[in-house]
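By convention here, the first residue in the shown sequence is residue 1. Note that ligands are numbered from 1 as they come in the structure, with each ligand's atoms numbered from 1 the same way.
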Amino acid sequence: MNSKVALITGATSGIGLQTAVDLARLSFDIYITGRDSKRAESALEQINQVRSDAGKGYFIADFASRKSIEQATQNINDSISHIDVLVNNAGAAFGKKEMTEEGIEKTFAVNHLGPFIFTHALLPILLTNAKARIVNVASAAHYAANLRIDDVSNPVRYHPLKAYATSKLANILFTYKLSQKLQGRNISVNCLHPGVVKTRIGNKHTGILSGLAWSVFANFKGVSVEQGASASVFLASSKRAVEYNGMYFHRSEPRKSSALSYNADLQNALWHLGEDLTDIKQYL
Ligand SMILES: NC(=O)c1ccc[n+]([C@@H]2O[C@H](COP(=O)([O-])OP(=O)(O)OC[C@H]3O[C@@H](n4cnc5c(N)ncnc54)[C@H](OP(=O)(O)O)[C@@H]3O)[C@@H](O)[C@H]2O)c1
């Protein structure tokens, strides 16, 4: 029997790498994306230590660059004919306002627009499958978020925690809208909060003090990456999860997300904003 194929974004560290390792252990063939080839090669080595030859390859994709994502998806479409599971895991937090080449604030670009473009380009492969799954890694940070369509891609006043929370609310709005659009198409789309997890996400693009605050918080409150990856692994692989679609999970338990995330007008508005900002004429 052919192995199932999982493609995991941002699998060069933290929750994504652990998800890749755990899915390899469950006999998935693994493809990953990373933004740095050395880190991607090292991740593949760790995946292959679990099961030799499980790590099938990596694709370089910087989610802060539309060009880079498009190049990656073209390479993926040229070299993989079949994907069972896409885990949209790559994510980042930025201590100060930074803009992409395309003029989008980076937290929104990397955490929301990147997966929006990436998923769109891979839908044809996913839809050839008998029962594909899309798993979006969101966060409980979204409960504190608001999202103003006229401000979100280039906020007048930038606040790092607000920008991060907003981008994670966007992950959930995207999940709900995409799952509706794909109704009846043999594919499920779910999202999750992995818990507070001991990773370096809060240290990479933040200042020394914020990084220190994150390290202290994550070390005291956080769970291990193994525990953090368990929800992604559950939604990607478990038989029970096959029944779920258009849902939010806290670790591996279904939960209600924020009231705002169910707002259909906001879901539609975010969807149209995504199409406008990415020049995707018709997503589906
Ligand atoms: N840690 C938590 O407590 C927590 C809680 C809720 C949700 N999450 C979510 O979990 C996901 C994984 O985060 P993590 O905690 O495991 O952090 P992490 O260890 O920093 O992993 C993030 C991954 O995304 C990649 N990435 C960052 N910026 C990127 C970019 N511009 N283009 C492409 N890839 C990029 C990173 O690549 P590099 O290895 O090159 O940095 C890494 O592979 C994120 O979506 C995050 O929002 C985390």
Salt-bridged, Asp36 to Lys38, with N to O below 4.0 Å? no
With a 6.0 Å cut-off on the ring centroids, do Phe94 and Tyr158 count as close? no
Less than 3.5 Å between some nitrogen or oxygen of Ser139 and one of ligand 1, yes or no? no
Contacting atoms of ligand 1, where contact means under 4.0 angstrom from a heavy atom of Ala11: 43 (O)
Pairing of Arg157 and Asp151 as salt bridge, 4.0 angstrom limit: no
Salt bridge Asp29-Arg51, side-chain N to carboxylate O under 4.0 Å: yes
Nitrogen or oxygen of Gly91 less than 3.5 angstrom from that of ligand 1: yes
Applying a heavy-atom cut-off of 4.0 Å, say which part of Lys204 lies close to ligand 1: side chain, backbone, both or neither. side chain
Just to confirm my output: which protein heavy-atom neighbour is closest to atom 12 (C) of ligand 1, and how far is it? Asn89 OD1, 3.4 Å
For ligand 1, is there an N or O atom under 3.5 Å from any N or O atom of Phe63? yes
Nearest protein heavy atom with distance in Å, relative to atom 25 (C) of ligand 1: Gly10 CA, 3.8 Å
Heavy atoms of Ala93 and His205 approach each other most closely as O-CB, 3.3 Å
With a 4.5 Å cut-off on side-chain heavy atoms, are Leu192 and Leu235 touching? yes
Quick check: do Ile83 and Asn129 have side-chain heavy atoms less than 4.5 Å from each other? no
Please classify the Ala90 to ligand 1 contact at 4.0 Å (heavy-atom distances, strictly less than): side chain, backbone, both or neither. both
If you count the atoms of ligand 1 from 1 in the order shown, which ones are under 4.0 Å from a heavy atom of Val137? 9 (C), 10 (O), 11 (C), 45 (O)
Identify the protein heavy atom lying closest to atom 17 (O) of ligand 1, giving its residue, its atom name and the separation to 0.1 Å. Ile201 CB, 3.3 Å
Aromatic contact, Phe116 with Tyr283 (centres under 6.0 Å): yes
Do Asn203 and Ser215 pair up side chain to side chain, a donor and an acceptor below 3.5 Å, judged on atom types alone? yes
Which is closest to atom 28 (N) of ligand 1 by heavy-atom distance: Arg39, Arg200, Arg35? Arg35
Ligand 1 contact on Phe94 by region, counting heavy-atom pairs under 4.0 Å: neither
Identify, by atom number and element, the atoms of ligand 1 in contact range of Asp62, meaning under 4.0 Å from any of its heavy atoms. 30 (C), 31 (N), 32 (N)
Is the gap between the ring centers of Tyr58 and Tyr31 under 6.0 Å? no
Hey, are Asn245 and Ser188 close enough side-chain-wise for a donor-acceptor pair under 3.5 Å? no
Hey, does His205 sit under 4.0 Å from ligand 1 if you only count heavy atoms? no
Does NZ or CZ of Lys256 fall inside the cone over Tyr143's six-membered ring, less than 6.0 Å from its centre and within 45° of the axis? no
Under 6.0 Å between ring centres, would you say that holds for Tyr248 and His193? no
Atoms in ligand 1 flagged as close to Val196, the criterion being non-hydrogen separation under 4.0 Å: 3 (O)
Numbered in order shown, the ligand 1 atoms found under 4.0 Å of a heavy atom of Gly14 are 16 (O), 19 (O)
Closest protein heavy atom to atom 4 (C) of ligand 1, given as residue, atom name and distance to 0.1 Å: Gly195 O, 3.9 Å
Between Leu113 and Leu277, is there a side-chain heavy-atom distance shorter than 4.5 Å? yes
What protein heavy atom sits nearest atom 33 (C) of ligand 1, and how far off is it? Ala61 O, 3.2 Å
Salt bridge between Arg66 and Glu102, side-chain N to carboxylate O under 4.0 Å? no
Consider every N or O of Ala92 and every N or O of ligand 1, then say whether any pair is closer than 3.5 Å. no
Could you tell me the residue and atom name of the protein heavy atom closest to atom 48 (C) of ligand 1, and the distance to it rounded to 0.1 Å? Ile15 CD1, 3.7 Å
Would you check whether Trp214 reaches within less than 4.0 Å of ligand 1, judged by its heavy atoms? yes
Are Asn190 and Phe249 close enough that some pair of their side-chain heavy atoms sits under 4.5 Å apart? yes
Subset of ligand 1 atoms that lie under 4.0 Å from at least one heavy atom of Ala64: 31 (N)
Which ligand 1 atoms does Ala138 reach within 4.0 Å, using its non-hydrogen atoms? 6 (C), 7 (C)
The closest protein heavy-atom partner of atom 39 (O) of ligand 1 is Thr12 OG1, 2.7 Å
Near His193, which atoms of ligand 1 are under 4.0 Å from a heavy atom of that residue? 6 (C)
Using a heavy-atom cut-off of under 4.0 Å, does the side chain or the backbone of Lys106 touch ligand 1, or both, or neither? neither
For atom 19 (O) of ligand 1, which protein heavy atom lies nearest, and how many Å away is it? Ser13 OG, 3.1 Å
